[in-house]
Amino acid sequence: MAADRVGAPARAWQRMLSGRRLDLLDPSPLDIEISDIAHGLARVARWNGQTSGEHAFSVAQHSLLVEALFCDLMPEASPDARLAALLHDAPEYVIGDMISPFKSVMGGSYKDCELRLQRAIHLRFSLPPEPAAALRKEIKRADQIAAYFEATLLAGFSTAEATEFFGRPRGFNADRFDLTPRSVTWAQNAFLKRFSAIERSRHQASASAVG
């Protein structure tokens, strides 16, 4: 983003490719588009890009992995819950993926911004602003399993290191999931495809409930 003019109020918004102008301090659900989320997440690298492979392992791919793991953990989960899992890192399309040690240094300001964005994203897609505690716990569990696999298979962590930080998954085989770093275009399209599939399930569930 270009530097602000001297003396002008600090700019706290970002222009999106969709044409939306998203206020980072007071985000409106009306300024959030799934195309912008998919575009951004496919271009944000996990692990600060310190992963093996021809391409970075993007947050879009990580989101797909977490949602797949969540569905294994919770096979009876509702379409709304699956969407919450897919969008668990959606604020990073704006604020990037900051590794956990740096988040600790940044403190509350980063987390506050992340939470405001997450609430706005959930409202945009007709989800509760904050998931129920039980749902958050299961999504976090899937996130930790994904982090373990990524750490050991892509980011150079030893098994002992990854177990210390993320816990060692039980009953999951990484071979069942796609951890091959893919191109930006692949990741963006795959994220949008999965979002569309979940949305169709949500509409069908809603129609069945009304019927």
Side-chain angles (χ1 to χ4, degrees), residues 16-17 33-75 77 79 81-103 114 118 121 125 135-136 138-201:
M16 300 296 171
L17 286 179
E33 299 291 346
I34 194 61
S35 59
D36 292 328
I37 293 174
H39 181 95
L41 295 185
R43 288 160 174 79
V44 175
R46 289 274 291 169
W47 309 96
N48 276 345
Q50 297 298 309
T51 50
S52 58
E54 182 179 353
H55 303 285
F57 192 80
S58 68
V59 176
Q61 274 194 265
H62 167 75
S63 300
L64 290 164
L65 175 59
V66 168
E67 195 264 336
L69 287 161
F70 174 78
C71 287
D72 263 28
L73 289 167
M74 304 287 290
R82 297 201 301 270
L83 182 59
L86 184 69
L87 297 175
H88 79 284
D89 275 342
E92 294 179 8
Y93 90 104
V94 176
I95 58 179
D97 181 27
M98 189 179 295
I99 60 174
S100 296
F102 199 61
K103 284 183 182 180
E114 183 179 44
Q118 189 73 71
I121 290 165
F125 299 111
L135 176 56
R136 287 200 307 271
E138 293 302 326
I139 293 174
K140 183 63 176 178
R141 184 180 170 199
D143 194 25
Q144 294 289 93
I145 296 170
Y148 177 91
F149 287 153
E150 293 168 20
T152 53
L153 298 177
L154 300 173
F157 282 57
S158 68
T159 298
E161 286 176 324
T163 300
E164 177 184 355
F165 295 119
F166 310 113
R168 189 165 187 174
R170 303 295 180 186
F172 286 90
N173 187 335
D175 293 341
R176 294 170 47 213
F177 302 94
D178 184 7
L179 278 96
T180 302
R182 305 286 186 176
S183 71
V184 165
T185 301
W186 185 98
Q188 181 173 339
N189 289 340
F191 186 91
L192 287 171
K193 182 178 180 180
R194 185 57 186 152
F195 173 83
S196 295
I198 294 174
E199 281 293 273
R200 285 194 297 272
S201 295

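Sorted by first and then second residue, the pairs that involve residues 185-198 and meet salt bridge (Lys or Arg N to Asp or Glu O under 4.0 Å), not counting sequence neighbours, are Glu67-Arg194. Applying the salt bridge (Lys or Arg N to Asp or Glu O under 4.0 Å) definition to pairs two or more places apart or across chains, those involving residues 145-155 are Arg46-Glu150. Here ring-ring contact (aromatic ring centres under 6.0 Å, His included) pairs that include residues 140-160, with residues two or more places apart or in two chains, are Trp47-Phe157. For residues 155-176, the salt bridge (Lys or Arg N to Asp or Glu O under 4.0 Å) pairs, not counting sequence neighbours, are Asp72-Arg176.
Within the model, atoms CG of Leu135 and NE2 of His88 stand 12.0 Å from one another, a figure rounded to the nearest 0.5 Å. Rounding to the nearest 0.5 Å gives a distance of 9.0 Å between OG of Ser35 and OH of Tyr93. One finds the CG atom of Asp89 at 10.0 Å from the CD1 atom of Ile121 (value rounded to the nearest 0.5 Å). For the atom pair CG of Leu86 and CG of Leu65, the computed distance is 11.5 Å after rounding to the nearest 0.5 Å. In this structure, the separation between CZ on Phe57 and OG1 on Thr51 is 8.5 Å, given to the nearest 0.5 Å.
Listed by chain and number, the residues in a side chain to side chain donor-acceptor pair (under 3.5 Å) with Glu199 are Arg202 (sequence neighbours excluded). When the salt bridge (Lys or Arg N to Asp or Glu O under 4.0 Å) test is applied to Arg82, no partner is found at least two apart in sequence or on another chain. Contacts of Glu138 classified as side chain to side chain donor-acceptor pair (under 3.5 Å), with partners at least two apart in sequence or in another chain: none. A search for ring-ring contact (aromatic ring centres under 6.0 Å, His included) contacts involving Phe195 returns Phe125, not counting sequence neighbours. With sequence neighbours excluded, no residue forms a side-chain contact (heavy atoms from CB on, under 4.5 Å) with Gln50. By the side chain to side chain donor-acceptor pair (under 3.5 Å) test, Gln118 is found to be paired with His122, residues two or more places apart in sequence or in another chain being considered. Residues meeting the side chain to side chain donor-acceptor pair (under 3.5 Å) test with Arg182, sequence neighbours left out: Asp178. Here His39 pairs with nothing under the ring-ring contact (aromatic ring centres under 6.0 Å, His included) rule; sequence neighbours left out.
Arg43 is listed as a side-chain neighbour of Gln188, based on a closest heavy-atom distance under 4.5 Å. With contacts defined as side-chain heavy-atom distances shorter than 4.5 Å, the pair His62/Asp143 qualifies. Within the 4.5 Å cutoff, the side chain of Met16 has heavy atoms near those of the Val94 side chain. Between His55 and Val184 there is no side-chain heavy-atom pair separated by less than 4.5 Å.
The two residues Ala42 and Ala187 make their nearest non-hydrogen contact at CB-CB, 4.0 Å. Of all heavy-atom pairs spanning Ser158 and Thr152, the tightest one is O-CG2, 4.1 Å. Residues Ala45 and Ala56 approach most closely at CB-CB, 3.7 Å, considering heavy atoms. In terms of heavy-atom proximity, Ala174 sits nearest to Leu179 at O-CD1, 4.0 Å.
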Task: Intermediate values then yes/no, side-chain contact (heavy atoms from CB on, under 4.5 Å), Phe191 and Ile34 - done: CA-CA 10 Å; Phe191 186 91; Ile34 194 61; 3.9 Å; yes
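Not one N or O on the side chain of Glu33 forms a donor-acceptor pair closer than 3.5 Å with the backbone of Leu17.
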